[in-house]
Amino acid sequence: MKNALTKTIVGAAVLVGLGFATSAMAHEKGDFVIRGGITNVAPNDDSSNILAGGADLGLGITVDSNAQLGLNFAYFLSDNVNVEVLAATPFTHDVNFGASDPLGTGDALGEVTHLPPSVTANYYFADASSAFQPYVGAGLNFTIFFDEEFTSANRAAGLSDLELDSSFGLTAQVGADYIIDDQWHVNASLRWIDIDTEASFKVGEADGAVNDIQIDPIVFTVSVGYTF
Ligand code: NI
């Protein structure tokens, strides 16, 4: 009798423990997650030289970092796999010559704004006994540039009509959720995006170009997530 009671208590404890573990500690098939936080885009940039009126200026361009409000949405197709859409408010990056201020304007060369929506499939290791839920993912990115412009000092020096082509490329990430309860978790992710573009512009009446700009940023996001 005593033995049976012990077994019952232990059994109940195990069931409660499992119930707690599966409902509180891991995502489940059908979960829909929304996360909001801060996303920093740090270019790991490299470019070919600036061509102006057919001449090679012998220097490229660089692209600075920018942080914005990051949003993402994820739907769990199974307990281990979700599909995630990364969105954000537009990122605006200063663009500079690859050498210090060759025109002597004392100003950045220009700035570009972009949106880098990405769709990623993520695999969760989904250890139900842990609040820490790491995952790896890979997917596709589309980056569209807009509001490309030279700074006024460089416009005065004769530069105009800056345009950057859209980019379509791969993205990969590692991340983790830390589960607080059935609804809330905190998330951190580190993502690489292959963003390659080319720029065209005018120098007076002549055409200018930078034919190969590799932005290839590391994108770090810290966010709070809610599960529906
Ligand atoms: Ni690239």
Side-chain angles (χ1 to χ4, degrees), residues 1-44 65-89 91 115-143 168-195 216-228:
M1 188 66 194
K2 197 177 176 185
N3 196 22
L5 183 61
T6 306
K7 276 183 181 165
T8 304
I9 290 170
V10 169
V14 166
L15 283 177
V16 167
L18 284 177
F20 180 73
T22 50
S23 65
M25 295 304 187
H27 297 294
E28 291 172 337
K29 178 181 177 180
D31 280 358
F32 179 65
V33 170
I34 293 182
R35 303 187 185 102
I38 298 292
T39 295
N40 187 62
V41 173
N44 187 14
S65 297
N66 187 241
Q68 291 291 335
L69 174 67
L71 286 175
N72 84 52
F73 308 92
Y75 180 76
F76 282 78
L77 301 173
S78 74
D79 292 353
N80 297 85
V81 175
N82 74 16
V83 173
E84 175 193 359
V85 176
L86 172 74
T89 49
F91 295 89
L115 276 174
S118 301
V119 178
T120 310
N122 300 302
Y123 179 81
Y124 277 72
F125 301 95
D127 172 2
S129 67
S130 173
F132 181 69
Q133 298 287 334
Y135 58 90
V136 294
L140 294 172
N141 163 263
F142 180 69
T143 295
F168 188 68
L170 296 177
T171 178
Q173 69 173 346
V174 292
D177 293 326
Y178 187 84
I179 308 292
I180 296 168
D181 62 24
D182 277 353
Q183 271 72 52
W184 296 98
H185 63 272
V186 289
N187 171 272
S189 70
L190 197 60
R191 173 189 290 270
W192 166 81
I193 308 178
D194 188 19
I195 302 177
D216 299 350
I218 295 296
V219 178
F220 181 61
T221 299
V222 180
S223 59
V224 173
Y226 186 86
T227 302
F228 289 88

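Heads up: numbering here begins at 1 and tracks the sequence.
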Requested in this report: For the pair Thr89 and Gln68, evaluate side-chain hydrogen bond (donor to acceptor under 3.5 Å, both in side chains) and give the outcome as yes or no after the intermediate values.
Outcome: CA-CA 6 Å; Thr89 49; Gln68 291 291 335; 3.0 Å; yes

Query raised in the report: Which is it for Thr120 and Arg191 under the side-chain hydrogen bond (donor to acceptor under 3.5 Å, both in side chains) test, yes or no, and what are the steps along the way?
Result: CA-CA 10 Å; Thr120 310; Arg191 173 189 290 270; 3.0 Å; yes

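Between Asn66 and Asn40, the closest heavy-atom pair is O-OD1, 3.3 Å. Of all heavy-atom pairs between Ser65 and Ala42, the closest is OG-CA, 3.4 Å. Contact between Ala26 and Ala128 at its shortest, heavy atoms only, is CB-CA, 4.2 Å. Residues Pro217 and Val41 approach most closely at CB-CG1, 3.5 Å, considering heavy atoms. What you find for Phe91 and Ala88 is that their closest heavy atoms are CE1-CB, 3.5 Å.
Ring geometry, Tyr124 versus His27: the interplanar angle exceeds 60°, so the pair is classed perpendicular (tilted spans 30 to 60°).
With contacts defined as side-chain heavy-atom distances shorter than 4.5 Å, the pair Leu190/Ile218 qualifies. Contact check for Val222 versus Ile38: no side-chain heavy atoms found under the 4.5 Å cut-off. A 4.5 Å side-chain heavy-atom check between Asp194 and Thr171 finds every atom pair outside the cut-off. Using a 4.5 Å heavy-atom cutoff, the side chains of Leu170 and Asn141 are not in contact. A heavy-atom distance below 4.5 Å is not found between the side chains of Gln173 and Val219. Using a 4.5 Å cut-off on side-chain heavy atoms (C-beta onward), Val33 and His185 make contact. The shortest side-chain heavy-atom distance between Leu140 and Val119 does not fall under the 4.5 Å cut-off. Between Thr227 and Gln183 the shortest side-chain heavy-atom distance does not fall below 4.5 Å.
Of the listed residues (Asn82, Asn80, Asn187), just one forms a side chain to side chain donor-acceptor pair (under 3.5 Å) with Tyr135, and that residue is Asn187.
Taking the six-membered ring wherever Trp is involved, the centroid distance between the rings of Phe228 and Tyr226 falls below 6.0 Å.
Within the 3.5 Å criterion, the main-chain N or O of Val85 finds no donor-acceptor partner in the side chain of Asn72. Panel note: side chain Asp31, backbone Phe76; no donor-acceptor pair is recorded below 3.5 Å. Of the possible polar contacts, one joining the Ser118 side chain to the Pro116 backbone as a donor-acceptor pair under 3.5 Å is found. Using modelled atom types, one side-chain atom of Asp127 and one backbone atom of Ser129 make a donor-acceptor pair closer than 3.5 Å.
No side-chain donor from either of Arg35 and Thr221 sits under 3.5 Å from a side-chain acceptor of the other.
In this structure, the separation between OG on Ser189 and CG on Leu86 is 7.5 Å, given to the nearest 0.5 Å. Here the CG-CD1 distance, from Asp216 to Ile193, works out to 9.5 Å after rounding to the nearest 0.5 Å.
No more than 12 heavy atoms of other residues, nucleotides or ligands lie within 6.0 Å of OH in Tyr178, so this atom counts as exposed by the packing criterion.
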